[in-house]
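Heads up: the structure comes next, in structure tokens.
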Amino acid sequence: MEPLIVEILERNGRVATRLRLDGKRLHIGRAYDNDVILDDPYVSPEHAELFRDDEGIWHVHDCATTNGTRHSRHGRLNDARSLVSGDEIELGRSRLRVIFPGHVVPPALTEPLPPRWVSVLDRPVMALMALLALAAMVAYARFIDSREVMTWVDLAAPAARVIAFVLAWGAGWALLGWLLQHRHSFAGHCSALALALVALFGLEHLTGYVQFWTNGERLAGMLPYAGTLLLGLGLLYASLLLATQLRRRMVLLLTHSVCWGLLGVVVLGQLATQPDFLSRPDYATDLKAPVLSWQPAQPPEAFSEAVAATFEELERKSLVEEQPEENEDDAAGEAWRLLGR
Amino acid sequence: MQGRFPWFWLLLLVAMMLTGHGQAGSAEILFERLQDRVYQLRVIDRTSDARSSSGSGFLVADSGVVATNYHVIARMVRDPDKYRLEYLDADNETGELEVVAVDVRNDLALVRGEVSADEPLPLREDRPLRGAPVYSLGNPLDLGMSIVEGSYNGVDESSMYRWLLFSGPLNRGMSGGPAIDSEGRVLGVNKARTGQSIGFFVPVDRLEKMLERLAARGYEPPDSFDAVIEDQLKDHQSRFMDEVLAGDWPTYELGPARVPDQLAAFLNCSGGSSSNDRELYSRSQRGCGTRYSISLASGHDTGTIHLQASVYSSDGMSPQRFYNLYERGYGPGRFLDGEEDEVTEFTCQSRLIQSGATFWKAAFCARAYRRYEDLYDTYVALASVGAVDQGVIVKASLRGVMRDNAERFAEQLIETLQWNP
């Protein structure tokens, strides 16, 4: 004989308890001799009965209770009603669902896997390589920044500090991932940050060269901002996908809002702290070694042209500066005259 | 020490006066004779009625014309709505003064007012002998009119201004007071001090020229002091830039570089090299510059030339490492401060140029004066970027020059500079 499955539901519809019951007759109520015991003050000690007739069909009937029993399809029960799999019954303030063992369930959902490049990051080999690259980069940065003879210890100390930071970062995200989805992805978080830092260093160097070659074009000044934004987007996207179960669209939204927001704060902060008046000359001060045989150089006359161009630009600026002031004065004067009338 | 034994110092002073110079008597007589024609000048803020700056002055012509330094009354000239000028004489009488002439190049000004004295101090045409006693009058640190004794030490040939040198203690507040010989004739105007008791006087012949021009104008102030100052600055820059741009520049061998040196007689050059045993590079420098500037207002100095060359040599550094160090030396120099009311911001242009086999990174920057048309501060920075282990950086600044002079200077600089590693 087939057993019957009774699910006790929470208010929000989730299953609180699932019971697998054998027998032809099952009693439901608050008393302890029932098959299904409900801890609900509005449920009578002997509240309802489920029974199977000779043809094997299950029925429910209310045992003349104070608050009655409701059937999801038939409403309040006055006499016995037949049940089909999935029917719900309300007793007092409790809800039960009756399921027959043959009830069809939908197939499993496919688990949302992070994109391939994020999964690649999560490989321990990848993390090891990224950390080694970062250590080498930090040591190199320290090396080219120094003027004295450097020992291995001098170079290893800053590298070790940065590696320790990356490991702490990875551990933080790993803890979050472990709490949220039983998967730490420690290697993935470490390699994501390490690679982002390596790329940032590369970007800084590239910007120096671009500034040097383009003679400090404004576009070259945008490069660090654009690059840092891209790296920030990538880092946060990978970290969120590895650590949380959020859907990709949600992760993208979150990543973009955080990164653009941070960029906005940084740019606004720079605008706010920018001095009103800069008394020192502000020119492209990058000098780069001629490592490539190619240099985008111009003939010496270009310098005389630059000198002339500087004076012309200065003249243009002074014209621009004078013009609006006069107009403002006029406008203000006009407004005063109007007010005077 | 001085606070604890004031009597000791006073006694020492008295003893020195008793045993010392026999001319102490003549200073007394001079002071007595001249003090009624020497004034303290005060620039006063009209709104708060507080004193903003003070100096000294003396009567030089009839109708109450008093001579002083331009820097004493600069604020008043530049912002007459905000400040007024008054004098305080030996009898503690005060009265209003108006500015009637300025000479910013020589730091002189003539002011006029109703003063009680009528006999101007006599001016001395010739220069005294070196070592001759000279007396300087003024009101140091607001402590009351004083006379200081010292000696004349010739002309300062190291600057284009050719001030007279005085050995004696000048103090703040004495600016604009007269420097007189033992017969009471004026030979200069107190201007500045430096080091231990070295003072500078503006030679009196420049005051005489100003007086002549003022008399020709009928002792009336010009319509616009800004226009007068602008003309003086333009005249000044054309004079010193003509001297700088005349002929080829001498060069100085600085490692593998030949850098311009001593562009004109009035520049002071010095150099040095630094190498540290622990550091993997060495740097040698050579710099030339003017020693004094024209101070138009607080925060606006002009009329200067500075040139600085540095050669960096690597001692086994990798190219990346060396250039990381080298590019730090290419940043802007320090002698270019300025204020927003006086100058615009710098506008700069950079180029990477190739001259022969040498690559140069070159920057040119200029800013305009807001009050005076067609005058600029300019700045040139040049760095050789052809060699991986050494380089030369040259920075030059000109303050208060016109466009054509700045352009010629930049061209001559890049033509003269040589780099042969």
Side-chain angles (χ1 to χ4, degrees), chain A residues 140-150 205 208-209 211-217 220 275-322, chain B residues 276 278-281 317-334 336-340 343-355 359-368 376 378-381 383 385-388 391 393 403 406-407 410-411 414-415:
Chain A
Y140 177 68
R142 175 80 187 90
F143 175 70
I144 62 168
D145 222 27
S146 66
R147 303 158 176 209
E148 292 134 30
V149 178
M150 287 274 115
H205 265 235
Y209 272 96
Q211 291 267 22
F212 176 66
W213 286 330
T214 62
N215 296 306
E217 280 297 322
D276 291 338
F277 179 75
L278 197 62
S279 67
R280 63 178 164 73
D282 188 17
Y283 55 96
T285 55
D286 301 82
L287 297 181
K288 296 293 163 202
V291 279
L292 303 174
S293 54
W294 174 78
Q295 298 253 48
Q298 294 169 281
E301 295 81 66
F303 185 61
S304 307
E305 283 159 22
V307 172
T310 306
F311 281 110
E312 272 145 36
E313 196 184 327
L314 210 52
E315 222 151 84
R316 264 203 310 282
K317 275 187 189 167
S318 77
L319 286 179
V320 172
E321 226 169 74
E322 275 164 27
Chain B
N276 186 325
R278 294 183 57 238
E279 293 180 330
L280 296 169
Y281 77 102
M317 280 181 160
S318 74
Q320 300 288 347
R321 201 178 174 197
F322 174 68
Y323 268 72
N324 203 31
L325 162 92
Y326 182 52
E327 76 176 0
R328 278 181 216 167
Y330 184 58
R334 62 194 151 70
L336 283 164
D337 48 338
E339 281 177 19
E340 196 174 1
V343 287
T344 66
E345 283 195 343
F346 274 104
T347 290
C348 297
Q349 293 269 343
S350 277
R351 293 287 183 274
L352 182 62
I353 54 176
Q354 185 177 13
S355 167
F359 288 98
W360 296 97
K361 184 76 181 180
F364 181 83
C365 302
R367 67 179 174 198
Y376 302 90
T378 66
Y379 174 82
V380 184
V385 286
V388 292
I393 293 174
R403 178 177 168 171
E407 287 179 332
E411 268 168 41
I414 206 157
E415 275 166 25

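Throughout, protein chains are lettered first and strands after them, A, B, ... in sequence-line order, and every chain is numbered starting at 1. Predicted model, so just to flag it, every value in this text is computed and none were measured.
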Counting heavy-atom pairs under 4.5 Å to chain A, which of B:Glu415, B:Met317, B:Glu279, B:Glu339 comes out on top?
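Among B:Glu415, B:Met317, B:Glu279, B:Glu339, the one with the most close pairs to chain A is B:Glu279.
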Heaviest contributor of heavy-atom pairs below 4.5 Å to chain A, chosen from B:Cys348, B:Ser318, B:Pro319, is B:Cys348
Over all heavy atoms of both residues, which pair between [X] and [Y] is shortest? Give the atoms and the distance, please.
{"X": "B:Glu345", "Y": "A:Leu278", "value": "OE2-N, 2.7 Å"}
{"X": "B:Ala383", "Y": "A:Leu287", "value": "CB-CD1, 3.7 Å"}
{"X": "A:Thr285", "Y": "B:Pro332", "value": "CG2-CD, 4.4 Å"}

Using 30° and 60° as the class boundaries, would you call the ring planes of A:Tyr283 and B:Tyr330 parallel, tilted or perpendicular?
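Rings of A:Tyr283 and B:Tyr330: perpendicular, over 60°.
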Describe, in one word, how the ring planes of B:Phe364 and A:Phe311 are oriented to each other, choosing from parallel (under 30°), tilted (30 to 60°) and perpendicular (over 60°).
tilted
Where does [X] contact chain B at under 4.5 Å (heavy atoms): side chain, backbone, both or neither?
{"X": "A:Thr214", "value": "neither"}
{"X": "A:Glu301", "value": "neither"}
{"X": "A:Pro299", "value": "backbone"}
{"X": "A:Asp286", "value": "both"}

[X] versus chain A, the contacting section by heavy-atom distance below 4.5 Å:
{"X": "B:Val380", "result": "side chain"}
{"X": "B:Phe322", "result": "neither"}
{"X": "B:Ala387", "result": "backbone"}
{"X": "B:Leu280", "result": "both"}
{"X": "B:Ala368", "result": "both"}
{"X": "B:Ser355", "result": "both"}

Hey, could you give me the [atom1]/[atom2] distance between [X] and [Y], rounded to the nearest 0.5 Å?
{"X": "A:Ile144", "Y": "B:Leu325", "atom1": "CD1", "atom2": "CG", "value": "11.5 Å"}
{"X": "A:Glu148", "Y": "B:Tyr281", "atom1": "CD", "atom2": "OH", "value": "9.0 Å"}
{"X": "B:Ile353", "Y": "A:Glu305", "atom1": "CD1", "atom2": "CD", "value": "11.0 Å"}

Can you tell which of A:Glu313, A:Arg280, A:Lys288 has the highest number of heavy-atom pairs within less than 4.5 Å of chain B?
A:Lys288
Donor-acceptor pair, side chain of B:Tyr326 and main chain of A:Ala289, under 3.5 angstrom:
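Flag not set: sc B:Tyr326 to bb A:Ala289 has no pair under 3.5 Å.
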For A:Ser279, does its backbone N or O pair with a side-chain atom of B:Arg367 as donor and acceptor, under 3.5 Å?
yes
Run the numbers on A:Leu314 and B:Phe346 for side-chain contact (heavy atoms from CB on, under 4.5 Å), then give the verdict.
CA-CA 8 Å; A:Leu314 210 52; B:Phe346 274 104; over 6 Å; no
Can you see whether A:Phe143 has B:Arg321 sitting over its ring - NZ or CZ less than 6.0 Å from the centre and within 45° of the normal?
yes
I'd like to check [X] versus [Y] (side-chain heavy atoms, cut-off strictly below 4.5 Å). Are they in contact?
{"X": "A:Phe212", "Y": "B:Glu327", "result": "no"}
{"X": "B:Leu352", "Y": "A:Pro296", "result": "yes"}
{"X": "A:Pro290", "Y": "B:Tyr323", "result": "yes"}

Stepwise, does the side-chain contact (heavy atoms from CB on, under 4.5 Å) test hold for A:Phe303 with B:Gln349?
CA-CA 9 Å; A:Phe303 185 61; B:Gln349 293 269 343; over 6 Å; no
Consider side-chain contact (heavy atoms from CB on, under 4.5 Å). Of B:Glu407, B:Arg403, B:Glu411, which one does A:Val307 pass it with?
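That would be B:Glu407.
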Testing the 3.5 Å rule here: is there a donor-acceptor pair between the side chains of B:Thr344 and A:Lys317?
no
